[in-house]
Amino acid sequence: MRVPFGRSHRIGIVTDFAEHPTISGDRLKPIEAVIDPQPLLDSELLASLRRAADYWCGAIGDVIFGALPLAIRNGGALDGFVEEIWRVNVAGASARDAHTRRGGSAALLESLTDAALSASELDTLLPGWRAAARRLAAAGLIERVAPEARPPCVREGASPILTEEQTDALATLLSAGEGFHPFLLQGVTGSGKTEIYLRLAERALQQGRQTLWLVPEIGLVPQALRRLRARFDARIAVLHSNLAEGERARAWLDARSGAAAIVLGTRSAVFAPLPKPGLVIVDEEHDASYKQQEGFRYHARDFALMRAQSLGVPIVLGSATPSLETLTNVEAARYARVRLRRRVRTRAPSPVHVLDLRGLNLAHGLSPALLEALDACIAHGQQALVFKNRRGYAPVLLCHACGWHATCPNCEKPLTLYRGRRQLLCHHCGHSERAPDACPHCHAGALIPQGQGTERLEEALATRYPDVPVLRVDRESTRRRDAFAKLLGRLADGKPAILVGTQMLAKGHDLPNLTMVAIVGVDEGLHSVDFHAGERLAQLIVQVAGRAGRADKPGAVWLQTHEPGHPLLTTLLKGGYDAAAALQLGERLASGLPPFAHMALLRAESAQRNALDDFMAAARDALARPERGDGLRINGPFAAPMPLRAGRHRAQLLLESAQRPSLRHALAAWLPRLHALPQHRGLRWSIDIDPVDLY
Ligand code: ADP
Ligand code: ZN
Ligand code: ZN
């Protein structure tokens, strides 16, 4: 509805009616216009959003509006969005067979031959497809059609025969029957988890019910969509941040009408309406990308659990490396665990070799033994992945003559050197400046890059292997929408190649000729101030290592470290992820940390140090004194691990309790007082419930 607001109007949502308004009648204003004759949100979604707002301390208005696609939020009428479907006609099919088209047009023809696709699907699979669509439509080869009301179905002959392990897993998952049943599906990469999701979605589809399928990041949507498309002839609504606003609204409405049998997307897809719910899948449930890190800081996996509960449907959390929270829920029998222990296509897991770096001469951070292994891999005509979780050329630029190093003027942290761009960049605030040729302090030309980023590794490897393509995959090299897909496409022919990359490479993508994985540096992860670091590192190593040897070729993993005796590494290598997770859980229990405690973190920042200190002191005073026996601990205020970022001072206050109710109780009293505190201009604060990092 549209309501008067001061001299203008605003779009609002009616959530309730009051029989006895608390505001007197003459101060109430009438609604100007009702935009949607039907309620936009069904009662389940509205109730779930209320619960989310309550749990993660959001304002209900922000939460509801955040859940709506922008085009609808701005007051677009629902019947203005008609789904846009494209398909090939007869002439197009023969044009494709005759290979008369190239490039984007050929790719579009190819995609549309297998199935008619919606604009949001095309946006996902072939970014920039519209130019080709105009050409092909003008040539009379493809056409836009109205959505069909055909019942969804499974394509014949598309399903493989399940392995014994998969058969058992599926039987267990299906035997739970109707209602809310949370499962953890734990299985290494390549063990066939996605195949299980597909079978479960198939069952839902046959019952005429919708499946909500979440993946942690946008790069994983296209391959999930391809697998769904290969299996089902059904309406699929795709929701992620790379859609045009109109397409996002259409996909959302497709979910809302129940026409979409499958709703696939990243974090925010968890807000999709599901009038005919059947199943929720959260792939890579451990991934921290599910946590929204600004504004309304919800966790999509946890909200998916809330929704599955209120929708009364099963939910499957899948991972090779489950989060400690989820493992604790399994331990407490709140979730049932189903395991897949073997890879579908290879027998043995790849052996991991630890390379002790102490005292060795390194070439750009690479040890002689690692280079030998790389030589052998390339000589065998296979592909290798060199993993380093650091972008740029080098994390520090140092003057050998006087000891000066480049620092960010806004954060006081070292600037990362990007040599190709001749730039120094701050990874914390985005500040950039030209890389100097000589030391700005002593004017000596003795600047040396310290440490290695992916750009430097790429350069070193390209010099060593001049005849082998060396491809770098990180946020810098894949900034263009389809760059990542193109890079991966270059590996598809299976010829020898070396991939150098950051954690973007850790997930999902199937690279059949990749037999060697080199993890170049993990030691930073062993010394973080954040208690999550150990869990993250174990997950990262297992996920990256899982890239090796997926197809019929055995793989090997090499891990370089200066601390081969670190308990986390030795436990992980000896006992695998389960042992490493148990070790971490033991430490968390001993220190009273999550999942054995619950946290709420107040973060505040301001350009004015005094304003920040005043606010934090007032925030501390606004907290009710802990009551005896409520187990509430108050830590701080203290400076954030990064005390200065982008020129703003940052501080934190941490509330902890072993019992969630006492934390919630304290928050309920505290939040209104926080909101009522005098606000210094330019001071920003937020509350983060169950923070996934402490920065
Ligand atoms: P995960 O999701 O655990 O990584 P996938 O379901 O993607 O595993 O399976 C790994 C590979 O094995 C995929 O290429 C998939 O198509 C294939 N696959 C899965 N299950 C089977 C099966 N039962 N028979 C043959 N191939 C399978
Ligand atoms: Zn100098
Ligand atoms: Zn900075």
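Keep in mind it's a predicted model, so treat the numbers as computed, not measured.
- Expressed to the nearest 0.5 Å, how far CZ of F296 lies from OG of S268 amounts to 13.0 Å.
- A donor and an acceptor atom, one from each side chain of Q560 and S367, are located under 3.5 Å apart.
- Scanning all heavy atoms of the two residues, the minimum distance from C377 to T515 falls at SG-OG1, 3.8 Å.
- Sparse packing is recorded around NE2 of H400, with 12 or fewer heavy atoms of other residues, nucleotides or ligands lying under 6.0 Å away.
- Taking the side chain as every heavy atom from C-beta outward, L602 and M616 approach each other to under 4.5 Å.
- Ion pairing between R464 and D375 holds under the 4.0 Å rule for side-chain N and carboxylate O.
- Exactly one of Q543, Q539, Q186 qualifies for a side chain to side chain donor-acceptor pair (under 3.5 Å) with Y577. That residue is Q539.
- The local environment of CD in Q608 is sparse, with at most 12 non-hydrogen atoms from other residues, nucleotides or ligands closer than 6.0 Å.
- If you take CG on N242 and CD1 on I218, they are separated by 4.0 Å, rounding to the nearest 0.5 Å.
- Remark: side-chain polar atoms of E563 are not paired, donor with acceptor, to backbone N or O of G565 under 3.5 angstrom.
- With a 4.5 Å cut-off on side-chain heavy atoms, F638 and L654 count as touching.
- Between L461 and L366, the closest side-chain pair of non-hydrogen atoms falls below 4.5 Å.
- In this structure, the separation between CG on L674 and CG on L623 is 7.5 Å, given to the nearest 0.5 Å.
- Of the inter-residue distances, the one linking C411 atom SG with H427 atom NE2 reads 11.5 Å to the nearest 0.5 angstrom.
- With respect to S323, the side chain to side chain donor-acceptor pair (under 3.5 Å) criterion is satisfied by exactly one of R301, H532, E535: R301.
- Taking 4.5 Å as the limit, every side-chain heavy atom of R421 sits out of range of all side-chain heavy atoms of S432.
- No donor-acceptor pair closer than 3.5 Å links the side chain of R650 to the backbone N or O of R603.
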Open item on the list: For a side-chain contact (heavy atoms from CB on, under 4.5 Å) check, start with the C-alpha distance between I541 and L537, then their side-chain angles and the critical distance, and finish with the verdict.
Closed with: CA-CA 6 Å; I541 293 176; L537 184 64; 4.0 Å; yes
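- Put simply, the side chain of Y465 never gets that close to the backbone of I378: no donor and acceptor are under 3.5 Å apart.
- The CG atom of L370 lies 11.0 Å from the CG atom of L360; values are rounded to the nearest 0.5 Å.
- With D283 contributing its side chain and V215 its backbone, the two residues share no donor-acceptor pair below 3.5 Å.
- In this structure a side-chain-to-backbone donor-acceptor pair under 3.5 Å is missing from K291 to D693.
- Checked by atom type and distance alone, the side chain of W670 pairs as donor or acceptor with a backbone atom of A619 at under 3.5 Å.
- For the side chain to side chain donor-acceptor pair (under 3.5 Å) with E605, the lone residue among Q652, R648, R645 that qualifies is R648.
- With E455 contributing its side chain and G420 its backbone, the two residues share a donor-acceptor pair below 3.5 Å.
- With rounding to the nearest 0.5 angstrom, the CD atom of E412 is 12.0 Å from the NE2 atom of H428.
- A side-chain donor-acceptor contact under 3.5 Å links H240 and T124.
- Contact of the I689 side chain with the R297 side chain is not registered, since no non-hydrogen atoms from C-beta on lie closer than 4.5 Å.
- For the pair R472 (side chain) and E459 (backbone), a donor-acceptor distance under 3.5 Å is absent.
- The closest donor-acceptor contact from the side chain of R456 to the backbone of G451 lies under 3.5 Å.
- Side-chain atoms of R588 never come within 3.5 Å of backbone atoms of F596 as a donor-acceptor pair (strictly under, hydrogens ignored).
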